[in-house]
Number of protein chains: 2
Amino acid sequence: MSRAPQKRRLETRAKLLSVAEHIIDTEGCAALRMEEVAAKAGVAKGTLFSHFGDKEGLLAVIFGARVMGYLDQMEAMPDPDTPDEIASRLAPLLDFVAQDRMIFELLLRYSGTTSENVDEVITQGFIRQVTLCAGWITGMQQRGRIRDDQDPVLLAEGVQAFLTHVLAIGFCQEHAQMIPPAEAMLPYLRGWLDIR
Amino acid sequence: MSRAPQKRRLETRAKLLSVAEHIIDTEGCAALRMEEVAAKAGVAKGTLFSHFGDKEGLLAVIFGARVMGYLDQMEAMPDPDTPDEIASRLAPLLDFVAQDRMIFELLLRYSGTTSENVDEVITQGFIRQVTLCAGWITGMQQRGRIRDDQDPVLLAEGVQAFLTHVLAIGFCQEHAQMIPPAEAMLPYLRGWLDIR
DNA sequence: GACAAATATTGACCACGGTCAATTTTAAAG
DNA sequence: CTTTAAAATTGACCGTGGTCAATATTTGTC
């Protein structure tokens, strides 16, 4: 049985997070240097790693929290009633992930966890998202707005698959005119969910 | 206008590739050290990087070639006639990618390139795969075996999305009983392609 | 063969993520 | 207040990917 963290540790952690977030917001994710975070927070590098394990762990905490914010937003909106409305509900989260390849890759690395490791913020986020989407789909099925021949959870996971797909595509043609991911999802969502 | 590479350079490249492949095949992708490759090939580290740009470039050449091999295999088989047969045609390629997360992430990084950068082997591979799959789908539509209300290319890209999805899921629950990716794809393929 | 220009290779050097034995700080117990 | 064990922090150190000015080799030309 381990004790609760001491006050000093919580302060250190908060300071590290705020420094890291500031760097990310001003210089972007790619410019984040672990040594710089520690230095600007006034602690040794080893302390930083003892708090978050590795760089990915630090990013996971930060982006996990932001994803949770988008999920709060999504839950606050009225339930969608069509595939197109699903896309519009997902749009803010998609735009957030699309802004930086590193965010996408990080989230993808956790995208399959359906249980266990629930301590990870990102895992919780994914479970929440699929649950939320499956709920939308159940409602739409009951209202007769979309196909009802498939399990809502399967359909929700399919939505997740298309989401990943359009983001991956988007990063590859980065240079060219990148249409917003929510828009790119539309044909897939319609083909996947519409009644035929 | 640049000249053709000199004979010495081609020999060096071949030697580097064979050393790298040997390490990957015996010790796995994660154990590959660029310095070791150069040393075992009897050249300096700088030479290795001048040939492949970076580690990812080296891996791209090696895995790109292997993916091409699987595509040759797939093209040699008779065209599939059902979603389940699509899954079985994809199975060898899926199992190959599923064996190592690094391969998956590398391929995903190029998965969206639909034109340009055609010099990249992996890009060519993806174009080939989507083209091949779209061809299968067109045939199946004409034979009335699957839905024909959507563009074959869109359907093929959807197949690609599910492919990525089940692989990503698989890597997250690595430890547990991982069902073969081709099998995991079945419910998605049926829901995506079947006539209803 | 001698020369020059393009090509190929070298290896010392750097950046950055990550480790861990040693040290300092905290807080509970007497 | 002391003692002491756990918790927290430190910073020198390491491994590995990647760079680049200097050097060596090849090739074309006279």
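Labels below follow one simple rule: chain letters A, B, ... track the order of the sequence lines, proteins then strands, and each chain is numbered from 1. Fair warning: this is a prediction, and the values are worked out from it, not measured in the lab.
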Separation of atom CD in B:Glu35 from atom P in D:dT19, rounded to whole Å: 15 Å

Of all the nucleotides listed (C:dA8, D:dA8, D:dG17), which has the minimum atom distance to the side chain of B:Pro5? C:dA8

For B:Val130 and B:Ala156, work out which heavy atoms get closest and say how close. O-CB, 3.8 Å

Would you please confirm or rule out a distance under 4.0 Å between OP1 or OP2 of D:dT10 and any side-chain N or O of A:Thr47? yes

Determine: side-chain N/O of B:Thr12 to OP1/OP2 of C:dT9, distance under 4.0 Å, yes or no. yes

Nucleotide of C:dA8, D:dG17, C:dG18 approaching A:Lys55 most closely (side-chain heavy atoms): C:dG18

What is the ring orientation for A:Trp192 with B:Trp192, classed by angle as parallel under 30°, tilted 30 to 60°, or perpendicular over 60°? tilted

Against the side chain of B:Val43, the closest entry in C:dG17, C:dT10, D:dG17 is C:dT10

Contacts to DNA chain D from residues 18-33 of chain B, heavy-atom cutoff under 4.0 Å, which residues? B:Leu32, B:Arg33

Mind listing the N/O atom pairs, protein and nucleotides 21-29 of chain C, below 3.5 Å?
none

Give a yes or no on whether a salt bridge exists between A:Arg66 and A:Glu21, defined as a side-chain N under 4.0 angstrom from a carboxylate O. yes

Enter the distance from B:Gln150:CD to A:Asp194:CG here, rounded to the nearest 0.5 Å. 8.5 Å

Let me know the distance between CD of B:Glu11 and P of D:dT25, rounded to the nearest Å. 15 Å

A:His51 vs D:dT9: side-chain N/O to OP1/OP2 distance below 4.0 Å: yes

Non-hydrogen atoms of A:Asp100 and A:Cys29 that approach each other most closely: OD2-CB, 2.9 Å

For atom CZ of A:Phe49 and atom C1' of C:dC16, their distance in whole Å: 9 Å

Nearest-nucleotide 5' precedence on DNA chain D, B:Gly53 against A:Ala44: A:Ala44

Between B:Met34 (CE) and D:dT19 (C1'), how many Å, whole number? 13 Å

Decide, yes or no, whether a salt bridge links A:Asp84 with A:Arg190 under the criterion of side-chain N to carboxylate O below 4.0 Å. yes

What closest approach, in Å, do B:His51 and B:Thr12 show between heavy atoms, and which atom pair accounts for it? NE2-CG2, 3.7 Å

Does one hydrophobic cluster hold both B:Phe171 and B:Leu59, with members joined at side-chain heavy-atom distances below 4.5 Å? yes

Atom CG in B:Leu132, atom CD1 in B:Ile127: separation rounded to 0.5 Å? 13.5 Å

